[in-house]
Participant: 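Following this message is one structure expressed as structure tokens.
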There are 2 protein chains.
Amino acid sequence: MEPNISFISSLIGDPTRSRMLTALMGGKALTATELALEAQVTAQTASSHLAKLVDGQLLIVRKQGRHKYFQLHRQDIAQLIEQLLNVTSSRNHPKTVTGPADPRLRNARVCYDHLAGKFSVALYDALTLNGHIADKGCETIITNQGRSFFSTLGVDFEAFSRNKRPLCKSCLDWSERRNHLAGSLGHWILEDLLAKKWATRDLDSRAISFTKRGKISFTKMYDIEDLPKTETSR
Amino acid sequence: MEPNISFISSLIGDPTRSRMLTALMGGKALTATELALEAQVTAQTASSHLAKLVDGQLLIVRKQGRHKYFQLHRQDIAQLIEQLLNVTSSRNHPKTVTGPADPRLRNARVCYDHLAGKFSVALYDALTLNGHIADKGCETIITNQGRSFFSTLGVDFEAFSRNKRPLCKSCLDWSERRNHLAGSLGHWILEDLLAKKWATRDLDSRAISFTKRGKISFTKMYDIEDLPKTETSR
DNA sequence: TCATTGCTTCGATGCGCACCGAACTATAGA
DNA sequence: TCTATAGTTCGGTGCGCATCGAAGCAATGA
């Protein structure tokens, strides 16, 4: 028998649940109340939705004291949501597309566990331009030069290769409709950014805010030429 | 604003509509009545569903005489469905997974526009083994050797490169849970098979039936060692 | 121990929508 | 012209489910 697509799709198909799922695309685990707020429903309603999402294995839950932390179940779920975002955004009516997007989200945001948005696309372009990665159209690979470049930055490729996750992977950006870097290398870059305090993760959203100094350092480190201006206005 | 995932998902989320969509994964355009049969609903019900799918831009429709032919809208929709199939099948209860699958579908079937199933996985393995393609874990690329190999078979890489579609791409097989070849090269292989009359497309399903001679030629052409036995029993 | 906060269960309400019967339009062929 | 087939529109039915109020557990902290 062919697997039954409709079950998972109908889980995502409810507006409230899909709001929860996109909120969780930030990669951070969120509590039930946070998700209720995000989805704009009462705690009771949220509870029943979350139970369904866990039951359908879209989310995993971890209990910590009197809190319950929810996360996307696995990488492939995040990929599915991302693909849905892509398909949807390219299909939107022209009117709504240009709608009032949060400028911070456009600049830099988290896409599950790696960077997305204008900054991320600029990074991808710079890495390509400098020959660190190669965009083969159908795939993105890391070059030998890129391998040594990232090694000096402290990337442990040995550890990555033990991991079954793809090292580098292109991921279509739904706001920019251009490629950006995903995979474990994309993950490393984001973690590195945050560890270096060049940028901070917003508490209330998927947005990533660069500090002034961080922006400069980031630009220098990856040799990015045309980093777009940060629109700091809310 | 983030695009609204739930709209598309809820379209796919209805069991009847999802049956129609999976039926269309065969790549062939189907008429409204065929889809009604496939989804096991009356013509009226099918009509309303199909209108919604077209309206939601999941399908395109072509009118021909008194027939209406429906097809998946674009490649990305097919990819989305495929990803859903993957996620769903890996999540199925062990009981239902081993359920009575149509053996013909397991052997060889169409995945939108390329080959899938056991045969396809065997092909992928053989191509890898012979160094025609290289599975880099995170991506699949065609080697120089593979390029010349396929050139002698009549592949016009020039024409492909003008196309924006990826040349070769791995696609996870939901029945085998292994990679098989997608992309325009995967498409070419399927078309070539059918053109050579080594295999025929079933009229009523996504299944692909190899002729005895075709199976031998296919095995020889791509140097496949361990092609699984064809289970001809229905 | 009691109060507070986080989350769940139960029950009731009401909307949305999948479904079909019946009647209608449109195309093809004779 | 008439007949058969393909597809649509309309109206009515009924189920499913998202929603919330109220009450109930559970864990923390004082």
Side-chain angles (χ1 to χ4, degrees), chain A residues 4-24 28-73 84 203-204, chain B residues 4-24 28-73 84 203-204:
Chain A
N4 184 14
I5 293 186
S6 60
F7 173 67
I8 286 204
S9 299
S10 66
L11 277 180
I12 310 178
D14 177 78
T16 303
R17 284 193 292 262
S18 74
R19 252 174 272 144
M20 291 173 162
L21 290 168
T22 23
L24 286 169
K28 247 189 332 183
L30 299 176
T31 66
T33 0
E34 284 171 331
L35 286 166
L37 276 172
E38 195 75 41
Q40 300 164 38
V41 285
T42 60
Q44 309 93 291
T45 312
S47 175
S48 102
H49 283 304
L50 289 169
K52 281 175 197 184
L53 288 173
V54 170
D55 201 54
Q57 300 187 44
L58 291 184
L59 299 185
I60 45 171
V61 60
R62 202 163 17 112
K63 216 177 166 180
Q64 218 164 82
R66 51 181 174 181
H67 293 277
K68 266 189 159 181
Y69 286 94
F70 294 87
Q71 258 182 310
L72 294 185
H73 189 275
L84 273 166
L203 289 177
D204 60 337
Chain B
N4 183 15
I5 292 186
S6 61
F7 174 67
I8 287 204
S9 299
S10 66
L11 277 179
I12 310 178
D14 177 77
T16 303
R17 283 194 292 263
S18 76
R19 254 174 270 145
M20 292 173 162
L21 290 169
T22 23
L24 286 168
K28 246 190 334 186
L30 299 176
T31 66
T33 3
E34 285 171 330
L35 286 167
L37 276 172
E38 194 76 40
Q40 302 164 37
V41 286
T42 60
Q44 310 93 290
T45 311
S47 175
S48 102
H49 282 304
L50 289 169
K52 281 176 196 182
L53 288 172
V54 170
D55 201 54
Q57 300 187 46
L58 291 185
L59 299 185
I60 46 171
V61 60
R62 204 164 15 114
K63 215 178 168 179
Q64 217 164 82
R66 52 180 173 175
H67 293 277
K68 266 188 160 182
Y69 286 95
F70 294 88
Q71 260 181 309
L72 294 185
H73 190 275
L84 274 166
L203 288 177
D204 60 337

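The sequence lines fix the lettering, A, B, ..., with proteins before strands; numbering per chain opens at 1.
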Participant: To the nearest 0.5 angstrom, please state how far the CD1 atom of B:I5 sits from the OG atom of A:S18.
Facilitator: 6.0 Å
Participant: So does B:A43 get a backbone contact from the side chain of B:S47, meaning a donor-acceptor N/O pair under 3.5 Å?
Facilitator: no
Participant: Consider the side chain of A:S47, meaning its heavy atoms from C-beta on, and name the nucleotide among C:dA18, D:dT19, C:dT8 that approaches it most closely.
Facilitator: C:dT8
Participant: Between CG of A:L30 and NE2 of A:H67, what distance do you get to the nearest 0.5 Å?
Facilitator: 12.5 Å
Participant: Roughly, in whole Å, what's the span from NZ in A:K68 to C1' in D:dC25?
Facilitator: 12 Å
Participant: Taking only N and O in the side chain of B:H49, is any of them less than 4.0 Å away from OP1 or OP2 of C:dC19?
Facilitator: yes
Participant: By nearest nucleotide on DNA chain D, pick out whichever of A:Q40 and B:F70 is the more 5' one.
Facilitator: B:F70
Participant: Rounded to the nearest 0.5 Å, how far apart are CE of B:M20 and CD of B:Q40?
Facilitator: 11.0 Å
Participant: Rounded to whole angstroms, how far apart are CD on A:Q64 and P on D:dT28?
Facilitator: 11 Å
Participant: Under 4.0 angstrom, heavy atoms only, what part of the nucleic acid is A:A43 near: base, sugar-phosphate, or nothing?
Facilitator: base
Participant: Going through the checks in order, is the side chain to side chain contact (heavy atoms under 4.5 Å, CB included) test met by B:L35 and B:L24?
Facilitator: CA-CA 9 Å; B:L35 286 167; B:L24 286 168; 4.1 Å; yes
Participant: Check step by step if side chain to side chain contact (heavy atoms under 4.5 Å, CB included) holds for A:L72 and A:L59.
Facilitator: CA-CA 5 Å; A:L72 294 185; A:L59 299 185; 3.7 Å; yes
Participant: How far does CD1 of B:I12 sit from CG of A:L84, to the nearest 0.5 angstrom?
Facilitator: 6.5 Å
Participant: Which distance, rounded to the nearest 0.5 Å, do you find between the NZ of A:K68 and the OG1 of A:T31?
Facilitator: 11.5 Å
Participant: Using 0.5 Å steps for rounding, measure from the NZ atom of A:K52 to the CG atom of A:L50.
Facilitator: 11.0 Å
Participant: Can you tell me if B:R19 uses its side chain to pair, donor with acceptor, with the backbone of A:S6 under 3.5 Å?
Facilitator: no
Participant: In whole angstroms, how far is the P atom of D:dA6 from the CG atom of B:L35?
Facilitator: 14 Å
Participant: Quickly work out the A:L50 CG to D:dC17 P distance and round it to whole Å.
Facilitator: 17 Å
Participant: Which of residues 9-17 of chain B have a heavy atom under 4.0 Å from DNA chain C?
Facilitator: B:D14, B:T16, B:R17
Participant: Can you give me the closest heavy-atom contact between A:R17 and A:S10, atom names plus distance?
Facilitator: NH2-O, 3.2 Å
Participant: Roughly, in whole Å, what's the span from CZ in B:R19 to P in C:dA18?
Facilitator: 13 Å
Participant: Tell me, for nucleotides 22-27 of chain C in 5' to 3' order, what letter each nucleotide earns: B for a base near a protein heavy atom under 4.0 Å, S for only sugar-phosphate near one, - for neither?
Facilitator: B----B
Participant: Determine, stepwise, if the pair B:H73 / B:I60 fulfils side chain to side chain contact (heavy atoms under 4.5 Å, CB included).
Facilitator: CA-CA 5 Å; B:H73 190 275; B:I60 46 171; 3.2 Å; yes
Participant: Can you measure A:L59 atom CG to C:dC7 atom P for me and round it to whole angstrom units?
Facilitator: 14 Å
Participant: Answer yes or no: does a side-chain N or O of B:T31 lie under 4.0 Å from OP1 or OP2 of D:dA6?
Facilitator: no
Participant: Rounded to whole angstrom units, what separation is found between the CG atom of A:L37 and the P atom of C:dG6?
Facilitator: 10 Å
Participant: So, does A:K52 get its side chain near the phosphate of D:dA18, meaning an N or O under 4.0 Å from OP1 or OP2?
Facilitator: yes
Participant: Just call it for A:T45: base, sugar-phosphate, or nothing, with non-hydrogen atoms closer than 4.0 Å on any strand.
Facilitator: base
Participant: So, OP1 or OP2 of C:dC19: does either fall under 4.0 Å of a side-chain N or O from B:T42?
Facilitator: no
Participant: Using five pairs at each end of the helix from C:dT1-D:dA30 to C:dA30-D:dT1 to define an axis, what is the angle between those two axes, to 10°?
Facilitator: 30°
